[in-house]
Amino acid sequence: MPIQADHELSGVTVFLDPAGLPVLDLPRFARHRETLVALYSAMVRTRTFDAKAISLQRTGRLGTYASSLGQEAVAVGIASAMSDEDVLLPSFREHGAQLWRGVSLEEMFLFWGGDERGNDFAVARQDFPVCIPVASQFPHAAGVALAMVQKGEPGVAVAVGGDGATSKGDFYEALNMVGIWTLPAVFVIANNQWAISVPRVDQTRARALADKAVAAGIPGEQVDGNDVIAVREAIERALVRARSGKGGTLIECLTYRLGDHTTADDASRYRADEEVSSHWSEEPLVRLRAYLVAHHGWAKKDEEALLHGCRDQIEKAAEAYLATPPQPVRSMFEYLYADPTQDQAAQAGELGDA
Amino acid sequence: MPIQADHELSGVTVFLDPAGLPVLDLPRFARHRETLVALYSAMVRTRTFDAKAISLQRTGRLGTYASSLGQEAVAVGIASAMSDEDVLLPSFREHGAQLWRGVSLEEMFLFWGGDERGNDFAVARQDFPVCIPVASQFPHAAGVALAMVQKGEPGVAVAVGGDGATSKGDFYEALNMVGIWTLPAVFVIANNQWAISVPRVDQTRARALADKAVAAGIPGEQVDGNDVIAVREAIERALVRARSGKGGTLIECLTYRLGDHTTADDASRYRADEEVSSHWSEEPLVRLRAYLVAHHGWAKKDEEALLHGCRDQIEKAAEAYLATPPQPVRSMFEYLYADPTQDQAAQAGELGDA
Amino acid sequence: MPECTMIEAIRMALSRALKEDPDVIIFGEDVGIDGGVFRATDGLTQRYGASRVRDTPLSETAIAGMAVGAAAHGLRPVAEIQFTGFLYPALDQLANHASRLRNRTRGRLTCPLVLRAPYGGGIKAPEHHSESTEAMLAHIPGLRVVIPSSPARAYGLLLAAIRDPDPVVFFEPKRLYRAIREPVEDDGMALPINKAVLLREGADVTLVAWGAMITEANEAADQLAEMGISADLIDLASLKPLDRGTIRSSVEKTGRCVIVHEAPLTAGLGAEIAADLAEHCMTSLLAPIRRVTGFDTVMPYFRLEAHYMPDAARILKAVHNVMEFA
Amino acid sequence: MPECTMIEAIRMALSRALKEDPDVIIFGEDVGIDGGVFRATDGLTQRYGASRVRDTPLSETAIAGMAVGAAAHGLRPVAEIQFTGFLYPALDQLANHASRLRNRTRGRLTCPLVLRAPYGGGIKAPEHHSESTEAMLAHIPGLRVVIPSSPARAYGLLLAAIRDPDPVVFFEPKRLYRAIREPVEDDGMALPINKAVLLREGADVTLVAWGAMITEANEAADQLAEMGISADLIDLASLKPLDRGTIRSSVEKTGRCVIVHEAPLTAGLGAEIAADLAEHCMTSLLAPIRRVTGFDTVMPYFRLEAHYMPDAARILKAVHNVMEFA
Ligand SMILES: Cc1ncc(C[n+]2csc(CCOP(=O)(O)OP(=O)(O)O)c2C)c(N)n1
Ligand SMILES: Cc1ncc(C[n+]2csc(CCOP(=O)(O)OP(=O)(O)O)c2C)c(N)n1
Ligand SMILES: [Mg+2]
Ligand SMILES: [Mg+2]
């Protein structure tokens, strides 16, 4: 009498199909041109940032960089649903979410350029920096959510990780904590089908990553992660639920990593070009643009103005980044403890006048 | 469109109800008096061992001891289903399983008496010693199963942990590995409703611990852990499945910890006596004895002979244990590496002639 | 002033911290109604509520990770790991996050958490219940590591740890939980967590120890005194950052040093102390620096445990050895 | 004899191990078709099959724990952790199980596993990709810790690690993966993993280093030679257990010692070496023992990384300092 994962997957939430045709009534927020343009613009901005970052890396002016090409809707969808009082705990591929939250382009370049000042966000000051050890941000999110509860704050902690992250024990332990304490946390999985070279099917035999919510007794759901409207709608529902004291949700966004894992990776070693090109037809910008063109009179000149504006902004930010002198060498000692230690003082001395 | 854990729990497998009345046709193995008597005897032996261990601890002649009172059916049910070629990876409460597998009473006393020789089993030489860090035995089981596959051995790795163990990341990571590689492993949860002072409901919001299998895409099921027939039947099915190359299973045995967590614990601090006494009516020995009496002519003299035999055996083992001189002090250096290191030789010197 | 044991002093400090700062929160396995397996939190959930003194599921990684998140978002979590042997799953969060968050964000987010754990051997506990892992933690930049050796120091150091703006690992020598009583005033006074404590003064040799080894070192010093050898006894108390100054001054005076710890010799924290002295006090040294430590082997199961742990006799032997050096 | 890089030498050793022993199995993240993020396993899954060179899910704890189970049941797993910064979740299995299984069972079950990980800094990698955690591991009784510093030593030491009957942590200085070429014969000859290597001989000072710091120390020694100062250069190679004899003999000869490592100073492995010398070679020492190490702070993001890493200039300064000591 085995229990199998025999419940029906309730289906993947999607509003706009790859061609930009609505397959469901759009949620209220998506009826406003302004909102849709903002979402679209944020995705374009993200993609433009991405291209610039890669070109800076290729020319030795940025460090190893993780492109979010093809996943812009996940990041933008998440952040656009969030309020200021919420806290974002991103992995390393949510550039679009960070930008929407107010992290500046220059800060982003600084971080990926190997400078801690890129994490000293001028706004979104409660948001966490990019998390490199996969899945270790999920317990942080449980902790942030716990702090919100204790302090009676209305916020929700929103952590994002990849499909690979769902195999880690910390993801699971944190999910279980969210369940047990009914914490206001939303865990988002950006399932881009690959963890470096390991495809989704080799990551877990769970039918859906959203199914893992069952192990913690909280709801899980799948959304089309290339439909920014679907992502935002699902996150909004989860945020409302969390804010009303009903606890956490696991949301799996189905998307695809169109680029290499990072600039240090060569995906052609392990996946077929045809697979990648087949996914280009589903990417998130095209479909929203098509919808804007068809329903909101988005014209060529709008598109050009947007692109031009983005490029301009990003070029300026890149220039500012490139012109930023490194921190003084002694800065490496200045932020470790609130008060520098004797050892550090002695060791800083070894640096001489650098 | 959230996915909820909306699948039906398929129900808890049980053959003998608390009164010993069969509620289902008994499986084939349970139709033989001999088999049933062996199962019953093993449970009685386990409980007798338990009582002796506690009394030795109370009189300062054994270390902290974890009683398995009330959970004998889980341990005996598991081991009785296993073959010699299988490997048992127990937590610290499966005395009945270890005894069935051939670990001697004296070895058991030695181990709990703080002597490593208790882990140098004369038989069951591939079985793992008791695992103290909760849940860390589950990845070992995945590794043992992997070795069995690589070597073409017919065995299955059987790991056992408690309800508390299911909250740990290593349990989950290992379960996922078993799923992904279709490994011949059976993970058994002895859900005794408590992890020291933390009740099952505060361990996870998952409806059933068996549900956690969903997160790894393998089957999970619940059995009445106080019905040794049910435990053995479910484990047997899982072993057959694993041996036939179909992969792992998670089995949750519902039982109850009738004693303190260990001899260092005082459960009256955190749970009501009434709760405990209510569970005495469901404990595993009574029901099988009732069935044996009703259907197999188990007589008072059989019972007395059994008890007497167990006590006798156990007293002898305890005496042998108490008479065993400690290992030479230098033994602490002799088993760390295959070849002792220079440092150790130097340090052993410091021990003088001890 | 009431006399109390270390476990009572710890409970007193925790209770005061909960009372004085609403942001203090305690969580861990069995810290609630059970009051912790050693009773450090006995009565606290009843007194301060189950939302401030919380039982967690059995999840050391999440306990540490949650503490990081909660601390960064304004709480002062005091998390308990039930035994140091079960701290390993928490190390990733300590080393990769707790210790770095301030530095990574140039001070924007900070991590004022305390991770408490019963530490060390000597109580005939089961396997994996007697570990001494302080050296691993003391190697991690950005952490503080504190180990008290008496009830009063436990009280004052724990309060300091909780109030400190940075992450502190607080190891409690479980062998001392109930071994000593001393007067402890619940006056809310913290002790400095960047200073070693000179417990007794002497002229001939410096003994450096911490935790339960203070008792052994002290006993050795008593016996030495009878033989006319007087010792400085330094309780390190704060192991990271290390108060090198106090140790160096003492050794500059005595010229001899014996370091005592329970953890295995190789790469134990005693090595750092000896290395520091070898570098900075070489000309003062009248004899080699000796370390009296646990051996480089797994602590034996408890039947032989006593042979593994350093004791006054082994310390005396080392002291005689350095005194006789010519 | 073909010249090869360290990464090629490692691949050659792995390939030979797979070929010579059917019980050898490789698993880890991206070790399969991708060949590992540094290509250490490039082509191996194609050659030996996907069942012997296996991609795992993203699960460091399970990778280590499975390696323990597989090793105990007769395989010789060579598991890869993608970077040392992601090794922390594997520590529980290393410290609580791998290192102890033989001891716990009085030799009945053993744990012949190798855990490989790209190690150290110097390649301008992102956060958490440049860690040096060897001291934490070297503190754990029952483990071996090995770090090669050249292609040929990588080949011979890795073969030895795989054939060793006990668990070995094998850290590969990623900065050297492609930095040096030297002739490496694929002859299946292992190098001893309990011996340090005297790389150059001198009379005036002993330099002790490992991994990528050998390159810096060697450069320093070259420059010293020009100044008429000759150095013994010891490549520790096997860090645990430590070959104390080789170091002591050298220092007894030279009377001076400078130890170099990338990891932070405090409680780094340099401390153990200095402490050992301070205890056993005191009378030979002509000058204080100096350590040139990473600082006691988180390695800065890569823009400032170079200022954190010890280099020949810092080593020279320390050597001059000990040479001038009077
Ligand atoms: C704990 C840990 N292990 C390994 C790595 C190296 N690594 C970086 S990203 C990555 C794959 C992550 O896959 P996924 O979670 O799907 O996120 P994606 O990169 O696809 O966005 C790996 C293995 C890491 N950063 N952290
Ligand atoms: C990793 C770890 N954390 C904490 C402990 C201390 N501890 C020992 S048993 C136990 C509770 C275990 O509960 P459960 O898994 O339900 O098993 P049970 O004791 O009920 O058989 C705890 C917290 C431990 N041994 N290992
Ligand atoms: Mg992915
Ligand atoms: Mg339990």
Side-chain angles (χ1 to χ4, degrees), chain A residues 1-14 24 135 139 166-182 198 201-223 230 233-234 237-238 241 247-252, chain B residues 1-14 24 135 139 166-182 198 201-223 230 233-234 237-238 241 247-252:
Chain A
M1 292 143 229
I3 297 169
Q4 297 270 6
D6 56 2
H7 57 292
E8 282 298 296
L9 280 179
S10 331
V12 177
T13 307
V14 55
L24 276 182
T166 64
S167 296
K168 273 196 74 219
D170 35 13
F171 162 75
Y172 167 75
E173 290 193 9
L175 197 72
N176 194 51
M177 287 285 186
V178 166
I180 209 74
W181 286 345
T182 320
V198 178
V201 294
D202 291 336
Q203 200 59 244
T204 181
R205 286 284 179 272
R207 286 179 316 166
L209 302 179
D211 265 10
K212 302 206 174 218
V214 169
I218 67 171
E221 79 176 271
Q222 289 187 307
V223 304
E233 191 271 343
R237 267 189 289 111
R241 188 170 177 277
T249 306
L250 176 66
I251 296 177
E252 176 186 2
Chain B
M1 291 143 223
I3 297 169
Q4 297 270 4
D6 55 3
H7 56 293
E8 281 298 296
L9 280 177
S10 330
V12 177
T13 307
V14 54
L24 276 182
T166 65
S167 296
K168 273 197 73 221
D170 35 12
F171 163 75
Y172 168 76
E173 290 194 9
L175 198 72
N176 195 50
M177 287 285 186
V178 167
I180 209 74
W181 286 345
T182 321
V198 178
V201 295
D202 291 337
Q203 200 59 244
T204 181
R205 286 285 179 270
R207 286 178 317 165
L209 302 178
D211 265 9
K212 302 207 173 216
V214 169
I218 67 171
E221 79 176 270
Q222 288 187 307
V223 304
E233 191 271 342
R237 267 188 289 112
R241 188 171 176 276
T249 306
L250 176 66
I251 296 177
E252 176 186 4

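In what follows, chains carry the letters A, B, and so on, assigned in the order in which the sequence lines appear, proteins first and then strands, with residues in each chain numbered from 1.
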Report summary line: Assert top hit (heavy-atom pairs under 4.5 Å, partner chain A, pool B:D170, B:T249, B:T182, B:D202) equals B:D202
Query - Side-chain donor/acceptor of A:N176 to backbone N/O of B:Q203, under 3.5 Å - result: yes
Query raised in the report: Which pair of non-hydrogen atoms, one from B:A215 and one from A:A215, has the smallest distance, and what is that distance?
Result: CB-CB, 3.9 Å
**Report entry** With A:Y172, the side-chain contact (heavy atoms from CB on, under 4.5 Å) member among B:K212, B:E173, B:K168
**Finding:** B:K212
Query raised in the report: Is it the backbone or the side chain of A:V201 that comes under 4.5 Å from a heavy atom of chain B, or both, or neither?
Result: backbone
